[in-house]
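Letters go in sequence order (proteins before strands), and every chain restarts at 1.
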Amino acid sequence: MTPPLNVLADAGPSARRCPHTGPYPDPMQRCRAADQPRPSLSHDLTIAAVTAAAVLVVITFRVAVQTAHGEVTGLDTGNFLTLGHAWLGDGLPEGAESTYPPIVPIIAAALGYLLPPLPVMIVLGVLASTVHASAVGYVLWRSGCGWWTSTITTTLIAGSAVGEGVAWGGAPQVAGLGLAFLTLYLAASLLTDPQPRRARALGLAGLALGATSHLVFAMTVAAATVMAAARFLSPVPRPTRANVTRAAAVWARAAAPSLLLAPLYLDLAGTVGSSVAERGRTQSFAEFVTAVEFVSREMPLLWRPAIVLALLVPAVLYRQRRHPLWLLTTGLATVLVGVAVSNPEPRFAYLVPLLVTSALGLLAATVRPPAALKWRAGLRAAAAGGLAATVVGGLTVFPAQIQYYGSLVPDGTSQALAALRANSDPTDVVAVPPVRGLPFGWWVEGRAQRPALVGSSEKWLNFPRERERANTSVRLFSAADALSDRWLRSVRRAGADLVYIPATYDGITTEELDRFTRNQPDLVAYSSSAATIVRVP
Amino acid sequence: MNVIQRLFRRRITASVTASATLAAAAASGLLLWPEHASTTIPETPVVQLVSPADEPDGPVEITGLDTNVVWSDQGTSVTMQVTNRSDEPVDATVWWLLALPGEQEPWDNPKAAGERTDVRLRANTTQKVTVPVEKAPASGSYVLSLWAHQVLADGGTRHSHGVNAQSLIHVLPVKPDVTRLNDPGRYATLTVIEPVGRLLTADPKGTGPDALVSVQSTSQQPVEVALDCYLAPIRTGRTASSEPWTDRQAVASESRQVIVSDAVPEVLTCRFDELPHDGDWQLSAFLRRAGAEEGGTHEDGLYSRRTVTFQD
């Protein structure tokens with residue numbers, strides 16, 4: 001008979017309280033007192049149905065807001081279209097240089113062949129939110145959170161930075177954070193009890209995450225490393241050589257699928273990695289605090305205590321250290337504190353909602369208030385009320401988020417991009433200025449499928465060639481005599497055949513544009529309230 | 001650990017946790033998170049130890065330097081990482097110096113210095129040490145060097161390690177003495193123009209920049225500007241020309257193109273090919289954008305009120 005792979009598991013208090021799991025606790029099963037009845041399938045299905053319904057309401061609300069806005073928001077979806085076309089065989093536009101995990105770009109490009117830009121963005125947001133909610137909900141349900149599964153998942157989807165991600169088009173990050181939660185939970189389970197079945201699940205989750213968002217994948221690897229260290233540092237029996245060998249084989253099986261992404265990540269390490277490292281040397285703690293404030297702005301009065309509580313939970317619930325959610329909470333808390341102190345990369349702040357979710361899940365799964373507690377009903381009502389307030393608060397912020405990111409992209413941009421595509425050759429190069437320092441030209445490349453001099457602040461770009469062409473555009477649009485004959489000659493020298501001027505670009509006034517349109521009507525290929533497209537003679 | 005576990009079993013744990021949570025949350029709520037007032041003093045570009053560093057002569061080695069430091073003429077603290085490479089505990093004293101570029105022995109004539117800070121290092125350990133300022137620098141461009149001595153049993157010290165940092169440290173004044181004649185530029189503005197180096201020492205052989213300039217874009221929009229510095233003569237009883245490029249006697253620096261963005265101040269430098277021989281001169285800086293006019297279109301200008309004097 002094969003003994004359990006108990007390299008890292010020890011028989012502790014939770015094992016004694018879970019007689020059905022034998023001497024080694026099964027963290028994938030809910031830990032119940034022996035006299036508690038096993039929840040029925042219909043009970044679990046009811047929880048799943050209620051959670052799905054609540055999440056559906058949140059997603060439907062967001063879709064309605066996006067539809068009512070009537071135009072795409074943010075710029076990243078344009079970039080995903082470009083990258084997706086490259087993955088699907090069209091290649092990157094001339095002068096472009098980029099590498100990105102394939103899943104979201106491929107879905108975006110496939111949808112782009114069938115749908116206008118706004119529906120593409122909406123569908124990506126719905127898919128990403130669904131992945132996020134499903135992954136988090138599944139983990140909480142497996143951890144034995146019962147009805148708290150529904151409450152916490154809905155709160156996370158409605159009242160955390162998920163809405164922000166949907167608004168700016170961060171589908172990879174939104175989906176990736178959900179997959180990160182699932183991946184870390186599976187890793188924690190495998191650390192607790194290395195079963196081959198879990199290794200397969202972890203391998204697939206890791207592969208999906210790695211193919212979705214390299215940024216979140218890197219954060220996940222950091223948190224998983226801390227979890228492994230926390231598990232190894234726990235007081236455990238000394239493992240035998242055989243057990244170590246078998247555990248290593250199980251972990252190798254878990255890591256194997258992600259090796260498929262090795263070439264992609266080697267490429268990313270040399271470009272994005274070095275760029276992030278370069279930025280990391282100049283980032284301050286203040287930026288990190290601002291980022292944490294940003295991801296908790298939906299309902300700060302509730303998020304702030306929750307963040308503090310989440311940081312305390314690993315110590316307070318140390319006795320639950322064999323629970324996967326304890327490892328997960330500890331891993332996320334340690335990474336966040338470590339990053340904040342050593343290299344305050346602001347984007348790690350997106351792990352904060354996951355930390356809070358994990359901590360609340362651990363509390364819900366392991367802390368049973370005494371039955372005699374007088375205020376039990378009141379506490380539950382207060383908690384439910386607070387979470388409901390977070391949900392409502394989060395949803396009311398979403399229209400403002402859509403307005404904010406929508407202000408980058410004027411109404412009618414989809415039609416303007418279609419007109420650009422219709423009135424130009426596939427080889428025509430389009431000069432596009434940055435809008436608020438952001439690379440608006442991504443939409444020109446992605447939707448109009450024309451090579452572009454995408455103007456941008458360098459901080460949004462990682463690759464040398466895209467920085468080079470961004471600076472070419474910035475130089476052109478820095479001129480004080482834009483649209484003059486001299487300026488058009490300099491644009492031609494820079495290799496551009498057309499100039500796309502979005503109405504949200506403030507470097508050329510409406511009067512200057514009107515004057516140019518009146519004086520040089522032959523050079524105006526398209527003009528609307530969204531954009532002016534100029535032919536370069 | 002058993003004591004902690006027993007403590008956690010009690011209900012008081014729940015009360016303490018709740019209280020700590022509410023207290024911390026209330027503090028963060030009342031304070032609205034830490035405020036981070038923006039400063040007109042730009043951060044020094046990334047500073048790191050030169051690599052490879054000289055081999056240490058003793059057991060104490062300086063192995064790192066915190067990079068996020070804002071240098072001003074009020075001085076600053078420098079946090080360095082110190083390693084004891086020996087198998088014995090060591091007492092050490094560490095400090096930093098700012099010296100002019102090209103100075104071979106910075107300890108002879110330091111322009112700024114950190115306070116000697118004692119630290120006890122256990123065997124084979126690394127520790128971060130924050131060294132406060134003892135002598136603040138005047139505005140200028142300097143080389144930062146870090147020093148570690150081993151403290152001997154008799155109270156004396158012995159050199160253990162010294163290492164330079166790169167790139168140059170640009171120190172700007174907290175209250176620059178400048179004047180502006182027109183409105184700030186629409187896309188980019190100058191906030192500081194400060195004579196340093198040869199303009200203060202009047203040593204034509206001096207190295208390093210002659211002027212430090214702080215420039216920033218007025219919005220998140222990146223913009224390319226050309227920076228020119230001028231030295232214009234202050235004639236007896238008069239001020240210098242407000243348009244030094246029209247003054248035949250004025251001296252111009254080499255024009256420099258730069259892209260500024262994100263409304264973040266950036267330190268730029270000017271250096272003149274030749275310096276005037278005598279008289280009083282006014283330093284000024286101008287930003288231009290490319291345009292139809294020869295040399296570009298004026299964007300912003302700033303004048304230093306510190307008179308630069310040269311004597312034959």
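Of all residues in residues 487-494 of chain A, none places a non-hydrogen atom less than 4.5 angstrom from a non-hydrogen atom of chain B.
The candidate with the highest count of non-hydrogen atom pairs below 4.5 Å against chain B, out of A:Ser484, A:Ala482, A:Gly507, is A:Gly507.
Looking at residues two or more places apart in sequence or on another chain, you find a side chain to side chain donor-acceptor pair (under 3.5 Å) between A:Tyr405 and A:Glu164. The side chain to side chain donor-acceptor pair (under 3.5 Å) search around B:Glu254 returns none, not counting sequence neighbours. With sequence neighbours left out, B:Val119 forms a side-chain contact (heavy atoms from CB on, under 4.5 Å) with B:Ala92, B:Leu121, B:Gln127, B:Val129.
Heavy atoms closer than 4.5 Å to chain A are found nowhere in B:Ser219, neither backbone nor side chain. In this structure, chain B has no heavy atom under 4.5 Å from any part of A:Asp485. Of the two parts of B:Arg186, only the side chain, counted from C-beta on, holds a non-hydrogen atom closer than 4.5 Å to a non-hydrogen atom of chain A. Contact of A:Ser457 with chain B is made through backbone and side chain together, with heavy-atom distances under 4.5 Å. With a 4.5 angstrom heavy-atom cutoff, A:Val313 does not touch chain B via any of its atoms.
Taking CG of A:Asp481 as the reference point, atom CZ of B:Arg289 lies at 9.0 Å (rounded to 0.5 Å). Here A:Arg475 contributes atom CZ and B:Ile259 contributes atom CD1; the two are 4.5 Å apart, rounded to the nearest 0.5 Å. Interatomic distance, OG of A:Ser478 versus CD of B:Glu299, reported as 9.5 Å (0.5 Å rounding).
Side-chain contact check for A:Val474 versus B:Val223: every heavy-atom pair is 4.5 Å or farther apart. Residues B:Gln221 and A:Tyr505 meet the side-chain proximity criterion, which asks for heavy atoms closer than 4.5 Å.
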